[in-house]
Amino acid sequence: RKMELYNGDENIFISIIIFEVFMSQTVKQKKKFICANCGAEYISWMGKCSHCGEWNSITEHIEHASPKNVYISSEANIKHPKKLSDIQLNDRGRISLGISEIDRPLGGGIIPGSVILWGGEPGIGKSTLILQICDAFSKKEKLVLYCSGEESETQIKLRAERLNANTDSCLVYGENNLENILQQAEQIRPSMIIIDSIQTMYLPGVDSVMGSPAQIRDCTASLVRIAKEQNITVMIIGHVTKEGNIAGPRILEHMVDVVFYLEGDRSYQFRILRTVKNRFGSTAESGLFVMERNGLKGIEDPSKYLLRNDIDDKTSGSVIVPCMEGLRPILVEIQALTVHSMTAIPRRIASGYDFNRLVILLAVLEKKAKIHFSSDDVYVSVAGGYKVRETAADLSLALALISVKYDIPLPTDTIALGEIGLTGEVLPVSLIENRLKESVKMNFKKFILPVRNKKDVVRFSETHGVPLLKDVVFVKNIQEAVNYIK
């Protein structure tokens with residue numbers, strides 16, 4: 001019947017048949033809209049994601065569906081459910097790097113076959129730290145494949161020489177095509193693959209630009225697959241957005257096993273390795289580093305490092321507080337300065353301290369302690385570039401503000417600790433025994449603590465044989481702390 005439609009022309013008939021067969025096998029395009037924050041998919045564009053609540057995070061993506069004959073399954077590829085009791089555990093011993101500030105956040109070392117995601121601001125030291133890990137891993141007679149899409153082999157060589165990390169067990173591969181990287185990994189069989197960075201990698205089969213959420217998601221999925229199938233440790237470096245989150249879909253953090261953030265101010269040498277997610281250990285541990293000429297060096301005694309400049313003379317506006325970095329207490333110095341404002345609206349500037357928390361404390365001091373800061377410019381800084389994240393430092397900041405306001409210096413061997421509520425009450429803090437132990441080790445003798453932590457202080461004094469009670473001032477509210485200073 002088709003021959004009759006084309007007047008019996010056999011050539012036209014054959015051409016039409018070939019064209020129809022080709023079109024039936026052609027890859028079809030599918031348009032979808034994906035949220036860049038959580039990875040949720042929609043059939044049409046929306047201004048707000050209904051899953052995560054983000055605005056203007058949904059972008060259009062075009063994906064190609066493979067021909068139907070690609071999805072031919074075989075009995076050999078089908079997996080069947082197993083009983084939990086029948087699953088055998090392999091010997092997946094941790095590999096210690098010999099770098100305590102990295103081994104501790106990892107839970108004791110690297111688990112073979114794990115996928116670790118590293119995030120941090122540009123220039124914070126991610127590539128430097130990863131190259132130091134390469135050197136430590138290579139010294140265990142393990143082969144490392146370092147894949148860089150940002151730097152050339154020469155640039156990596158120069159950094160390796162600066163770090164004294166030149167080794168034959170580390171292979172450098174400058175490539176952006178992830179298919180070529182996976183092909184090389186199957187041939188070389190390395191123990192670790194490093195991707196620097198995931199935003200510069202792409203898969204030719206994904207019809208999206210490099211760095212798009214679809215590319216990042218599919219590239220990470222391919223890396224997770226090869227890590228689990230071939231028991232290869234994969235370390236992925238990721239860029240961060242202006243909010244400080246890893247760029248790309250938020251599902252990226254759910255796909256990997258461990259998520260690290262390297263934080264710190266580039267103006268200072270201090271760096272903190274925070275654990276956001278760890279399937280093989282605790283997220284309460286962290287690593288502390290200092291940037292030196294030969295790379296990042298772990299800090300064994302961070303309190304001594306941050307308080308290395310001892311103050312011999314009493315100075316108003318300075319108070320020491322023990323802050324918890326995971327399960328490690330660190331003594332930091334909070335400094336405050338107040339001057340009469342020459343502007344209509346007084347300024348409040350905080351460096352290393354939460355600005356909103358500073359505003360709340362000023363309001364509490366003015367309302368409950370009757371100390372007026374409404375006509376003063378207030379400046380707060382944390383020495384050494386450290387960032388205070390917990391409310392246990394409220395009392396120390398309040399005392400620093402009162403001290404500089406009335407120019408009454410506190411003794412240099414004084415520790416202040418406590419959270420201040422909106423009612424002016426000094427609330428108890430957690431892990432106070434660990435904080436006291438670190439303070440006593442650093443030769444601090446006087447303490448201003450919440451009265452609701454008195455039982456913990458008594459227990460610590462009896463357990464460690466340290467007579468603290470005669471040197472401790474317990475305060476119930478901010479007014480009692482003010483009276484102690486005055």
Side-chain angles (χ1 to χ4, degrees), residues 99-102 104-105 120 124-125 129 261-275 284-293 295-337 349-354 357-358 379-401 403-404 409-418 429 431-448:
I99 306 175
S100 60
E101 299 302 317
I102 299 179
R104 187 190 305 107
I124 204 68
L129 185 60
Y261 277 88
L262 188 62
E263 301 177 354
D265 193 340
R266 284 181 292 178
S267 303
Y268 296 90
Q269 295 179 323
F270 198 67
R271 302 288 189 272
I272 301 176
L273 182 64
R274 298 188 188 275
T275 309
E285 295 291 349
S286 59
L288 303 173
F289 299 90
V290 57
M291 178 64 76
E292 295 183 350
R293 184 175 181 181
L296 289 169
K297 180 182 178 182
I299 304 175
E300 297 180 359
D301 195 347
S303 298
K304 186 177 181 180
Y305 173 80
L306 290 174
L307 301 177
R308 61 188 183 276
N309 296 326
D310 297 331
I311 303 175
D312 297 330
D313 299 330
K314 295 182 180 180
T315 305
S316 61
S318 175
V319 181
I320 307 299
V321 56
C323 295
M324 296 301 298
E325 191 59 53
L327 297 176
R328 302 175 64 187
I330 302 175
L331 299 182
V332 297
E333 179 185 359
I334 296 182
Q335 300 175 349
L337 177 65
I349 298 178
S351 175
Y353 201 89
D354 184 33
R357 195 67 190 172
L358 170 62
Y379 305 90
V380 174
S381 176
V382 180
Y386 186 83
K387 294 183 179 180
V388 176
R389 296 174 176 267
E390 57 177 342
T391 57
D394 288 350
L395 183 58
S396 61
L397 176 57
L399 294 180
L401 291 169
S403 172
V404 72
L410 274 72
T412 56
D413 58 349
T414 301
I415 291 290
L417 188 64
V429 297
L431 301 173
I432 191 170
E433 295 186 14
N434 295 349
R435 304 174 196 261
L436 292 176
K437 184 177 180 180
E438 182 71 13
S439 303
V440 172
K441 187 184 76 172
M442 297 299 295
N443 298 322
F444 285 87
K445 301 177 181 179
K446 300 179 181 179
F447 302 87
I448 305 175

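All values derive from a computational prediction rather than experimental measurement.
- One N or O on the side chain of S403 and one on the backbone of G317 form a donor-acceptor pair closer than 3.5 Å.
- Looking at L397 and L358, their side chains come closer than 4.5 Å, going by heavy atoms from C-beta outward.
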Derivation of the side chain to side chain donor-acceptor pair (under 3.5 Å) call for E333 and S318: CA-CA 7 Å; E333 179 185 359; S318 175; 2.6 Å; yes

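- Side-chain contact between M442 and I415: absent, with no pair of heavy atoms (C-beta onward) separated by less than 4.5 Å.
- Side-chain contact between I334 and Y386 is absent, with no heavy atoms from C-beta onward closer than 4.5 Å.
- Taken to the nearest 0.5 Å, the NZ atom of K387 stands 11.5 Å off from the CG atom of D354.
- Residues L399 and T414 fail the side-chain proximity criterion, which asks for heavy atoms closer than 4.5 Å.
- Between I102 and L129, some side-chain heavy-atom pair lies under the 4.5 Å cut-off.
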Worked verdict on R357 versus V380 for side-chain contact (heavy atoms from CB on, under 4.5 Å): CA-CA 11 Å; R357 195 67 190 172; V380 174; over 6 Å; no

side-chain contact (heavy atoms from CB on, under 4.5 Å) between L262 and L296, intermediate numbers included: CA-CA 11 Å; L262 188 62; L296 289 169; 4.3 Å; yes

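- Using a 4.5 Å cut-off on side-chain heavy atoms (C-beta onward), E438 and P322 make no contact.
- Residues F444 and T412 approach most closely at CE2-O, 3.4 Å, considering heavy atoms.
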Step-by-step side-chain contact (heavy atoms from CB on, under 4.5 Å) determination, Y379 to V404: CA-CA 11 Å; Y379 305 90; V404 72; over 6 Å; no

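- Closest non-hydrogen pair, S396 versus A416, comes out as CB-O, 3.7 Å.
- Separating the CZ atom in F289 from the CD1 atom in I99 is a distance of 7.0 Å, to the nearest 0.5 Å.
- Between R274 and E325 there is a salt bridge, since a side-chain N of the basic residue sits under 4.0 Å from a carboxylate O of the acidic one.
- Summarising the geometry of V388 relative to A393, their closest heavy-atom pair is CG1-CB, 3.8 Å, with the distance given to 0.1 Å.
- Counting heavy atoms from C-beta outward, E390 and M324 have side chains that approach closer than 4.5 Å.
- Nearest heavy atom pair, residue S303 against residue I330, reads OG-CA, 3.5 Å.
- T275 places a side-chain N or O within 3.5 Å of a backbone atom of E285 that can act as its donor or acceptor partner.
- For E101 and R271, the salt-bridge test fails: no basic side-chain N is under 4.0 Å from an acidic carboxylate O.
- Atom-to-atom distance recorded for C323:SG and R435:CZ is 7.0 Å, nearest 0.5 angstrom.
- To the nearest 0.5 Å, the span separating CZ on R104 from CG on L288 amounts to 7.5 Å.
- Here the closest heavy-atom approach between residue P105 and residue S100 is recorded as CD-O, 4.2 Å.
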From CA spacing to verdict: side-chain contact (heavy atoms from CB on, under 4.5 Å), V321, V332: CA-CA 6 Å; V321 56; V332 297; 3.7 Å; yes

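- The heavy-atom pair separating G384 from F270 by the smallest distance is O-CB, 3.7 Å.
- Annotation: E292, atom CD; neighbour count of heavy atoms from other residues, nucleotides and ligands within 6.0 Å is above 12.
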